[in-house]
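Notes follow once the structure below has been shown.
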Protein chains: 2
Amino acid sequence: MTDDFKPNMNAYLPLRDVVFNTLREAILRGDLQPGERLMELQLASKLGVSRTPIREAIRMLEQEGLAVTMPRKGAEVAKMTLKAMEDVLEIRGALDEFASQLACERITEEQLVRLEARKQDFEASLKTGDVKLIAEADVNFHDVIYEATGNPKLVSLLNNLREQIYRYRVEYIKKAENHPILIKEHEAIYQSLLKRDEKEARLSIREHVENQATAVKEVIVRQE
Amino acid sequence: MTDDFKPNMNAYLPLRDVVFNTLREAILRGDLQPGERLMELQLASKLGVSRTPIREAIRMLEQEGLAVTMPRKGAEVAKMTLKAMEDVLEIRGALDEFASQLACERITEEQLVRLEARKQDFEASLKTGDVKLIAEADVNFHDVIYEATGNPKLVSLLNNLREQIYRYRVEYIKKAENHPILIKEHEAIYQSLLKRDEKEARLSIREHVENQATAVKEVIVRQE
DNA sequence: ATAATGAATATTGTATACATAATACAACAT
DNA sequence: ATGTTGTATTATGTATACAATATTCATTAT
């Protein structure tokens, strides 16, 4: 048999994964707000499945830091205290700098080209004013850098940290006055990678992260 | 009522957590070997519970990186490829250095005292030759540093990374010829924290981590 | 009014049942 | 022997049932 049609036999996804993705999206998008209860029966009927896959999805969200459950009381969408967010931001700062350093050593020419394209996509997205689009373009830009580390575990770790932060970052993106800053910062990051200048890359990423940190923390403070 | 007897109302632990802890321990201790299948029915009967808590515990192990499941085929204890381990070690190196730096800034006098005590406990444990005891003493030493960062999220992240590494590190600890090296390295780390010398702390931790990395990678290579 | 009490109800925890896919293996054909 | 097909068995995926705890809210006592 000239086996060249390899049907994508991975069409199958367990319901727990479907549910997990659905809930995760809902949390990140803000449809499920921090502190909101995740009631199994309610979610089950809403998603048209039984409680079993819901429960398993909740266990997964829990380890992802997106849900918190108290025995016998149930789960709720994780809400951040200021301290918890500062802790996350601290880690994220360190790892993002580290990732940029690695990227300087390892990024390919092809990836550099893509990085510039993503940078421009981001600038274009700002003009639309569509927050969801902007957030996505930003993710895409940074993903190229993450990918350039060649370390998939680091990528998923950084993605996880980003998840915990980004849902509190909408406000920052919304404000047009911040847009020029973001453009400049992305440009600086791009340039330092182009030059493969580790020191400069770390510095430009640090500034980028710190600016966001300030904004995110303000959101949390207002919320508390 | 002079409420000063606060009965530890937290005697209750869901079975999923009991199962999770049990399996986690078994994996780390090596009772469940990398690649070994985790069959629900078998585990359920062995632990005297139903499949439900087993499944939920597996979902938790999965997110912890200790188990891997393939849809419709079941879960097995995660086995490391050399590349995956290198990736983990790379992250762990970066974060451990970062933690040491933070610890230099934040460690309290009390914690410094405890660190020295743990350092001596560790040296004592080496003399017993009891691998489990040594590993524990080592964990205790480093935990003081982690704790000194004042960042619980970072602590749990580091503990998770450690988990993924330590089960491959037994051999290294076993060999008596490595013991003097470990003692020296711990001493160097302790001294740099005592002086709150961030640069030196980073360097001494880096060396410590790198030596372990070499040993761990050898174990993986032999296994493959 | 306020606090305490106790059904009624809602929600989680756990076990079990049933459906479906994966696996092992025997029987058969080549 | 090798390979193939079909069947029995095993294991997972999902739904449901039952048990136990939390919560709610009306009732009662103070």
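Residue numbering restarts at 1 for every chain, and letters A, B, ... go by the order of the sequence lines.
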Taking the side chain from Arg16(B) and the backbone from Ala57(B), do they hold a donor-acceptor pair closer than 3.5 Å? no

[atom1] of [X] versus [atom2] of [N]: gap in Å, rounded?
X	N	atom1	atom2	value
Arg59(A)	dT14(C)	CZ	C1'	13 Å
Ile54(A)	dT11(C)	CD1	P	14 Å
Met70(A)	dG13(C)	CE	C1'	16 Å
Leu41(A)	dC18(D)	CG	P	16 Å
Met39(B)	dA22(C)	CE	P	17 Å
Glu56(B)	dT14(D)	CD	P	14 Å
Glu76(A)	dT12(C)	CD	P	12 Å
Glu40(A)	dA17(D)	CD	C1'	15 Å

Among His208(A), Glu147(A), Arg162(A), the one residue meeting side-chain hydrogen bond (donor to acceptor under 3.5 Å, both in side chains) with His142(A): His208(A)

Are more than 12 heavy atoms, taken from residues, nucleotides or ligands other than Lys83(B), located less than 6.0 Å from that residue's NZ atom? yes

Counting only side-chain heavy atoms from C-beta out, which of [options] sits nearest to [X]?
X	options	result
Tyr12(A)	dA15(C), dT14(D), dA11(D)	dT14(D)
Pro53(B)	dA15(C), dA11(D), dT14(D)	dA15(C)
Arg16(B)	dA15(C), dT12(D), dG13(C)	dG13(C)
Arg55(A)	dT14(C), dA15(C), dT14(D)	dT14(C)

Any [X] side-chain nitrogen or oxygen under 4.0 Å from OP1 or OP2 of [N]:
X	N	answer
Arg51(A)	dT16(D)	no
Ser50(A)	dA15(D)	yes
Thr52(B)	dT14(C)	no
Lys73(B)	dT23(C)	yes
Arg72(B)	dT20(C)	no

Only one of Thr214(A), Val216(A), Asn178(A) forms a side-chain contact (heavy atoms from CB on, under 4.5 Å) with Tyr172(A), so which one is it? Asn178(A)

Using heavy atoms to find the nearest nucleotide of DNA chain D for Leu38(B) and Gly48(A) separately, return the residue whose nucleotide is more 5′. Leu38(B)

Give, for atom CG of Asp121(A) and atom CZ of Arg118(A), the distance between the pair rounded to the nearest 0.5 Å. 5.5 Å

